[in-house]
There are 2 protein chains.
Amino acid sequence: MDSDERIIGIKDVAKAANVALATVDRVIHNRAGVSKKTKDKVLKVIEKMGYQPNIMASNLSKSKKIVLGVLLPNISEGSGYWEFPMKGIVKAQKELSQYRIKIKTFTFKQDNNKEIRKKVLELINSDIQGLVLTSKFADEIEILLEDCKEKKRPYVFIDSNVRKIDSLCSIQQPLFESGELAAQLFNYCFNKGEILILHLKDTMDTEGIIGLKEKGMNAYLKEKNNSIVTKSLVITDFNENAINRMLTQTLEENPMIKGVFIPNSKVAYIAKYFEKRAGEKIYLIGYDFFNEDIEYLEKEIIDFLICQRPEEQGYQAVYKLFEHVVLKKEVEKEIIMPLDIITKKNYKYY
Amino acid sequence: MDSDERIIGIKDVAKAANVALATVDRVIHNRAGVSKKTKDKVLKVIEKMGYQPNIMASNLSKSKKIVLGVLLPNISEGSGYWEFPMKGIVKAQKELSQYRIKIKTFTFKQDNNKEIRKKVLELINSDIQGLVLTSKFADEIEILLEDCKEKKRPYVFIDSNVRKIDSLCSIQQPLFESGELAAQLFNYCFNKGEILILHLKDTMDTEGIIGLKEKGMNAYLKEKNNSIVTKSLVITDFNENAINRMLTQTLEENPMIKGVFIPNSKVAYIAKYFEKRAGEKIYLIGYDFFNEDIEYLEKEIIDFLICQRPEEQGYQAVYKLFEHVVLKKEVEKEIIMPLDIITKKNYKYY
DNA sequence: CTGAAAGCGCTTACAG
DNA sequence: CTGAAAGCGCTTACAG
């Protein structure tokens, strides 16, 4: 049962090809300074013997560290979301520290363009060999991406890639489909009435994202061809009183509203309003799971949250860079995250 | 910004403690043959210098392979589920192959006690240093677990640990809570009526599992104090005609049934019946996601599936054994999987 | 273009 | 109980 095949190493290849260790190494890493003839000979032997490099040995003998960069918003009010990808990044870092991988983090305040540009400049002048970032702030990072392309520095997007910018890999949730999913869930709760889609504008370029979710929602409703329609409301003023006023007015004017869809991570703001509101149950569906949502999930004021495993996105982003830079593996261009559904009864295990 | 702290190794410790490399090695691995005095001295230096072992180097110089065993049902009709943990196990194996980890798989037909016992015997007489298995088949594996305890072989349970058997780690979904979740979902679909709980008996000891799910469901309904009640139906004959007959009769006699809860992975069997059935919509909630469910999800005959990331369970099981055996890390006694909700609109990304 | 040799940080016989 | 030395499978100057 024990097939104790001897592991064949660079030494075996060298002997079989009748060359020195260093030559085999050069061929394996495609380094210059090997004649075509020798290279072919070695390649053939590698192929025939089924040589597999030993990463542990390789890393052990390597001297230089590999540094990866991370450019993300810092964790502050209004951008608490970024805590989760960061956790995943830190986890990956710990796991990979044995491989002499280091991570340099560059954070900035979301609406501070000057700070973003400063960090971009720091990154351009740094010695990183790979980069994790989000495709939001597209204008500010454009120059950084150009620089990366020139220097052949790989970069990975997390959280979104709405403008379809080229990258080593982009990791995101399917947006359109998440809108469909939300519609399906609403449809389980009621099959006649209106869904109010709230556009909570903040400074980020998220209209593209919200737009896709909205399209998905309408697509599902159309497909089911039933009596649910959507209605949009744009909120620009985040002041609590302003929100209350707008919602009260809208709900009074539209008594058929049975559900509210908040296509970003600001559900708790809105749930607060519904907690105090009397009248018939209105179903709430939002995105992403925060501590402040728990209270409203427990009271079933927030009914469903659609989540995208942000921690895993951060982890995967670093891991894919590692695979590319260290292991020289092929990396898939796109990783699509599952659409997780969170309710009162399963958030504890998420 | 670059804190280029020199990594301190066994050599540095040896020099600082004024002993030989081998002695430091002995202390690190708690091997015999070191005087208390020397040991304390070395330990103190390790502590002070903050020495961290380099696993890559450690593994490279180790000669012997580590073999882990896996004892699970084979993949056949009626037990297709085990394909998923197996996938995770294979994934972990690939990732860990660099660490000289080998996995020996022992599979058996679920209802073949003789075969289980045979595999158990093989395992007892094997040279494995860790074991992945499920706590189902508790009677058959009892002797194996005793043997493991005696030999101090660690073992990890996946999929369930209803009888609360001791192990290095057990990985499972929260059963009671999954019943609550199912009840919550039904409650979104209707708020008056009956839920039929189907007990599809097969040869495995799964009554404990089903019982817990049922209790969770009733707990939620009671908590909500509304007008949904449950009703159980036991099916022992899996013949299609028999199922049809029993269901038709039950539904006729109980016109208030609005939902059917199938607390195991056999939903597709039941969905087949509902596909052909005329009459008012009856909601279906089941467990685990298989290819044969897709058709019924698409038609929204199956409404929700509650899933437990079986692939990740297999992966984690192997990984935890690896952490324990190779890295000598502390491993958590229990890993609770999230309760994933799958519908027509998100199964593609699961 | 090619090779011999030292070294990465550990483990493992072997000698004392 | 303790230590000196070889070796794990690679990479990296250095010499030719």
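The figures here come from the full heavy-atom set of this structure, side chains too, leaving out hydrogens, waters and symmetry mates. Residue numbering restarts at 1 for every chain, and letters A, B, ... go by the order of the sequence lines.
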Phosphate OP1/OP2 of C:dG3: any A:T23 side-chain N/O under 4.0 Å: yes
Rounded distance (Å) that lies between atom P of D:dC8 and atom CG of A:N54: 12 Å
Side-chain (A:R153) to main-chain (A:D147) donor-acceptor, under 3.5 angstrom: no
d(CG, B:D40; P, D:dC1) in whole Å: 13 Å
B:H29 side-chain proximity, nearest of C:dG3, D:dC10, C:dC10: C:dC10
Atom pair distance, as rounded to whole Å: CG in A:N59 and C1' in C:dG7: 15 Å
No-H, no-angle donor-acceptor pair, A:S61 side chain to D:dC10 base, under 3.5 Å: yes
Value in whole Å for how far the C1' atom of D:dG3 lies from NZ of B:K41: 13 Å
B:Y51 side-chain N/O to C:dC10 phosphate OP1/OP2 under 4.0 Å: yes
Contact nearer the 5' end of DNA chain D, comparing A:A22 with B:R26: B:R26
NZ/NE/NH1/NH2 to OD/OE distance under 4.0 Å, B:K102 and B:D127: no
Atom pair distance, as rounded to whole Å: CD in B:Q52 and C1' in C:dC10: 15 Å
Side-chain N or O of A:S58 closer than 4.0 Å to phosphate OP1/OP2 of D:dG9: no
Ring geometry between A:Y319 and A:Y315 (parallel below 30°, tilted from 30 to 60°, perpendicular above 60°): parallel
Phosphate-side-chain proximity, B:T38 and D:dT2, N/O vs OP1/OP2 below 4.0 Å: yes
Nucleotide paired to D:dA4 in any strand shown, Watson-Crick or G-U, under 3.5 Å: none
Value in whole Å for how far the P atom of D:dA6 lies from NZ of B:K62: 23 Å
Spacing between A:L21 atom CG and D:dG9 atom C1', to the nearest angstrom: 9 Å
Whole-Å gap separating C1' (C:dC10) and CD1 (B:I28): 9 Å
Side-chain touch A:I141/A:K136, heavy atoms, less than 4.5 angstrom: no
Test side-chain hydrogen bond (donor to acceptor under 3.5 Å, both in side chains) applied to A:Q308 and A:Q172, step by step: CA-CA 8 Å; A:Q308 54 172 328; A:Q172 62 190 311; over 6 Å; no
Residue mapping more 5' on DNA chain D - nearest nucleotide basis, A:A57 or B:K39: B:K39
Watson-Crick or G-U wobble partner of C:dA13, both distances under 3.5 Å: none
